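Quick note: numbers below take in every heavy atom, side chains included, and nothing from hydrogens, waters or symmetry partners. Computed from a predicted model, the values in this text were never measured in an experiment.
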Amino acid sequence: QVQLVESGGGLVQSGGSLTLSCAASGIIFSANAAAWYRQVPGHEREFVARIMSGGGAYYADSVQGRFAISRDNAKNTLYLQMASLRPEDTAVYYCNCFTYWGEGTRVTVSP
């Protein structure tokens with residue numbers, strides 16, 4: 001059974017930092033691109049960052065320069081380092097690999 005399990009969400013003040021993790025199982029994680037998305041009520045799920053199997057990374061304009069995506073293939077884990085957080089970053093964050101999704105972890109940034 002394929003599982004993606006996010007962790008690391010929580011409450012943080014504006015300007016603060018937070019790191020999210022996504023543990024993958026039941027999938028050849030190292031052979032696939034992996035990504036982070038986020039969603040708020042009433043909005044479509046939006047792309048945040050993607051890392052390719054070869055290590056190249058791509059970011060949404062809204063997080064460029066503030067977030068960093070990385071992966072540890074030996075641990076089958078995806079990370080998202082977030083800095084200079086803003087209230088508009090508040091959302092449920094989801095990890096994605098191929099067609100599989102985690103259930104999300106909530107990030108709340110206070111004003």
Side-chain angles (χ1 to χ4, degrees):
Q1 181 180 8
V2 175
Q3 281 194 301
L4 301 176
V5 181
E6 302 95 337
S7 62
L11 175 65
V12 64
Q13 293 183 5
S14 181
S17 300
L18 204 60
T19 298
L20 307 182
S21 299
C22 175
S25 61
I27 190 171
I28 306 176
F29 178 75
S30 62
N32 291 279
W36 289 96
Y37 289 74
R38 66 188 182 188
Q39 188 170 26
V40 299
H43 293 74
E44 293 184 354
R45 189 169 298 185
E46 68 170 341
F47 167 77
V48 175
R50 175 177 289 108
I51 184 166
M52 311 308 292
S53 60
Y58 302 87
Y59 299 91
D61 289 343
S62 59
V63 306
Q64 180 71 44
R66 300 188 298 120
F67 291 11
I69 189 170
S70 62
R71 64 196 301 165
D72 186 336
N73 289 334
K75 296 181 178 179
N76 253 28
T77 301
L78 178 72
Y79 302 96
L80 184 67
Q81 296 173 269
M82 305 183 292
S84 302
L85 285 163
R86 307 163 180 168
E88 51 263 46
D89 293 318
T90 295
V92 176
Y93 284 70
Y94 299 88
C95 65
N96 163 258
C97 185
F98 190 37
T99 63
Y100 303 101
W101 296 85
E103 293 185 354
T105 185
R106 185 176 298 276
V107 173
T108 302
V109 184
S110 62

All pairs passing salt bridge (charged side-chain N to carboxylate O under 4.0 Å, His left out) where residues 6-32 contributes a residue, at least two apart:
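Every pair satisfying salt bridge (charged side-chain N to carboxylate O under 4.0 Å, His left out) with a residue in residues 6-32: there are none.
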Inter- and intrachain pairs under salt bridge (charged side-chain N to carboxylate O under 4.0 Å, His left out), touching residues 54-82, at least two apart
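Every salt bridge (charged side-chain N to carboxylate O under 4.0 Å, His left out) pair that includes a residue of residues 54-82, provided the two are not neighbours, is R66-D89.
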With rounding to the nearest 0.5 angstrom, report the [atom1] to [atom2] distance, [X] to [Y].
| X | Y | atom1 | atom2 | result |
| --- | --- | --- | --- | --- |
| N73 | S30 | CG | OG | 5.0 Å |
| N76 | I28 | CG | CD1 | 10.0 Å |
| L18 | T105 | CG | OG1 | 8.0 Å |
| R106 | Y93 | CZ | OH | 11.5 Å |
| L78 | W36 | CG | CH2 | 5.5 Å |

Between W101 and R45, is any pair of side-chain heavy atoms under 4.5 Å apart?
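In short, these two side chains touch, coming nearer than 4.5 Å.
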May I ask you to test the T90-V40 pair for a side-chain heavy-atom distance under 4.5 Å?
no
Suppose we screen for side-chain contact (heavy atoms from CB on, under 4.5 Å). Which residues come up paired with Y100, at least two apart in sequence or across chains?
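Expected list: V2, L4, I27, F98.
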Residues in side-chain contact (heavy atoms from CB on, under 4.5 Å) with V12, at least two apart?
L85, V109
Would you name the heavy atoms of [X] and [Y] that are closest together and state the gap between them?
| X | Y | value |
| --- | --- | --- |
| S17 | S84 | OG-N, 4.4 Å |
| A34 | F29 | CB-CE1, 4.0 Å |
| G9 | V107 | CA-CG2, 4.2 Å |
| P111 | P87 | CA-CG, 3.9 Å |
| C97 | A33 | SG-O, 3.6 Å |
| I69 | A35 | CD1-CA, 4.4 Å |

Go through the structure and list residues passing salt bridge (charged side-chain N to carboxylate O under 4.0 Å, His left out) with E46, not counting sequence neighbours.
R38
Which residue pairs pass the ring-ring contact (aromatic ring centres under 6.0 Å, His included) test when at least one of the two sits in residues 45-90, sequence neighbours left out?
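Listed once each, the pairs are Y37-F47.
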Should we say atom CD of Q13 is surrounded by more than 12 heavy atoms from elsewhere, each under 6.0 Å from it?
no
Say whether I51 and M82 are linked into one hydrophobic cluster, either directly or through other cluster members, by side-chain heavy-atom distances under 4.5 angstrom.
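Yes: a chain of side-chain contacts under 4.5 Å links I51 to M82.
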